[in-house]
Engineer: 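Shown below is the structure under consideration.
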Amino acid sequence: MTGSNGQIGTELVSALQKKHGQDSVIATDLKDNENSEGIFEFLDVMNFERVERVIKKYNVTQIYHLAALLSSSGEKNPALTWRINLDAYLNILQLAHKHKIEKIFFPSTIGVFGPTTPRINTPQNTSFVPGTVYGISKITGELWSQYYRNTYGLDIRGIRFPGVISYATIPKGGTTDFAVEIFFEAVKNKKYDCFLKADTRLPMVYMPDVLKATLDLMEAPKEDISISYAYNISGFSLTPAELNVAIKKYIPELQITYTPDKRQKIADSWSETIDDSLARKDWNWSPAYDMESMVKDMLDNIK
Ligand code: SER
């Protein structure tokens, strides 16, 4: 796994260790991981030779390529974002072909959508003119996934994640980060200044459903997987104001203020709700958590 210290990586490493055994998972990242046990290698995903050395050293059979810069941090350094999010993925695909890697997991995002995309019930196949480098790099990555499947028969599986809500590792540099920050601020300081407007509706998913989706998709029979670019999925959609009301049931003193910044424009170009019927049909995607059950579980764990 690349990017194993990130928001999804941290928890996916443990889930994969549980499933396949601790010694079957090679966690890699630019920075040391102090929290988890198991095999770890420092890895700069842009270093082709080093990635190849790790693949050979451990006889890697599957790659979960999670290393990426997100929508907001990506805008601060577009060229670096392209190198990490796209060039590094192309390295992975070339090496996967060369070393006969059995399966690849590629996380994509609702960031592939843009102002020309229908915002309600966004279809699987639609208009993609993303406004961020993150979105441009991820939609291009999706196209390369499909190309490598069609041309070389690589088994690549992808998911377009909406905002991911979790308590173990805090996301950094994303537009949907408010939906995690608000919980920690609510528990600690009883107040939160949100960087999006109160009525900005965005699709979200809770981490246990992210883990389930990833494991289920990777386990699904190859013949059931009809696309290799990335499946739409969603757990629920919410606005900051609705999330505030849901958290206030447990923390009535919570005060929320709104100071929209540059991220508002990004959020306004993304979907409000997602059509994830293809994922439901191909590999039985079905989220266990709605907003209410997610809020309760988040607060129980953070407290
Ligand atoms: N959470 C991501 C972001 O906000 C969306 O994929 O950038």
Side-chain angles (χ1 to χ4, degrees), residues 2-3 5-12 64-78 80-82 84-86 89 105-115 117 119 122 124 126 128 130-142 145 158-184 194-197 200-207 209-211 213-214 229-240 243 260-274 276 279 287 294 298:
T2 69
N5 292 350
Q7 185 195 13
I8 297 177
T10 310
E11 296 197 49
L12 190 56
Y64 292 72
H65 180 55
L66 303 189
L69 288 183
L70 295 186
S71 58
S72 173
S73 47
E75 293 306 284
K76 292 179 189 132
N77 197 337
L80 178 67
T81 304
W82 183 260
I84 294 175
N85 292 10
L86 198 276
Y89 183 46
F105 179 73
F106 176 71
S108 187
T109 163
I110 54 168
V112 299
F113 305 131
T117 310
R119 298 190 67 206
T122 302
Q124 176 68 45
T126 181
F128 302 96
T132 61
V133 190
Y134 176 58
I136 299 171
S137 63
K138 285 291 183 177
I139 192 67
T140 314
E142 285 194 23
S145 297
I159 293 177
R160 283 181 196 140
F161 286 117
V164 173
I165 301 177
S166 66
Y167 55 82
T169 305
I170 317 245
K172 277 195 291 270
T175 301
T176 57
D177 294 2
F178 74 91
V180 176
E181 290 171 3
I182 188 172
F183 284 96
F184 287 89
C194 184
F195 57 77
L196 296 182
K197 287 192 230 154
T200 312
R201 186 172 301 285
L202 285 165
M204 299 281 166
V205 65
Y206 192 36
M207 185 58 89
D209 282 325
V210 167
L211 301 178
T214 306
Y229 36 106
Y231 284 94
N232 278 5
I233 69 159
S234 176
F236 42 86
S237 288
L238 56 75
T239 68
L243 186 54
D261 66 16
K262 281 185 183 161
R263 287 169 279 191
Q264 184 66 48
K265 193 171 158 226
I266 298 175
D268 287 342
S269 75
W270 289 356
S271 307
E272 291 190 15
T273 53
I274 299 282
D276 55 12
M294 172 278 292
M298 279 290 283

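By convention here, the first residue in the shown sequence is residue 1. Both ligands and their constituent atoms are indexed starting at 1 by order of listing. Keep in mind that this is a model prediction, so the values were computed, not measured.
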Engineer: Donor-acceptor check, side chain of Asp177 to backbone of Gly173, threshold 3.5 angstrom: yes or no?
Structural biologist: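 Side chain of Asp177 to backbone of Gly173: a pair is present.
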
Engineer: Arg119 side chain to Thr273 main-chain N or O, any donor-acceptor pair under 3.5 Å?
Structural biologist: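 The answer is no, because no donor-acceptor pair under 3.5 Å joins these two groups.
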
Engineer: Applying a heavy-atom distance cut-off of 4.0 Å, which protein residues contact ligand 1?
Structural biologist: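 Protein residues near ligand 1 are Leu70, Ser71, Thr109, Tyr134, Phe161, Gly174, Thr175, Thr176, Trp270.
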
Engineer: In terms of side-chain heavy atoms, does Ser137 have a donor or acceptor partner in Tyr89 at a distance below 3.5 Å?
Structural biologist: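 Per modelled atom types, Ser137 and Tyr89 side chains form no pair under 3.5 Å.
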
Engineer: Under a 4.5 Å cut-off applied to non-hydrogen side-chain atoms, are Lys265 and Asp268 in contact?
Structural biologist: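 The answer is no; the side chains never approach within 4.5 Å.
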
Engineer: Hey, can you tell me if Tyr206 and Tyr167 have their rings parallel, tilted or perpendicular (30° and 60° cut-offs)?
Structural biologist: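 It falls in the tilted class, 30° to 60°.
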
Engineer: Within a strict 4.5 Å, meaning less than it, do heavy atoms of the Gln7 and Ser166 side chains meet?
Structural biologist: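 Heavy-atom side-chain distance check passes, below 4.5 Å.
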
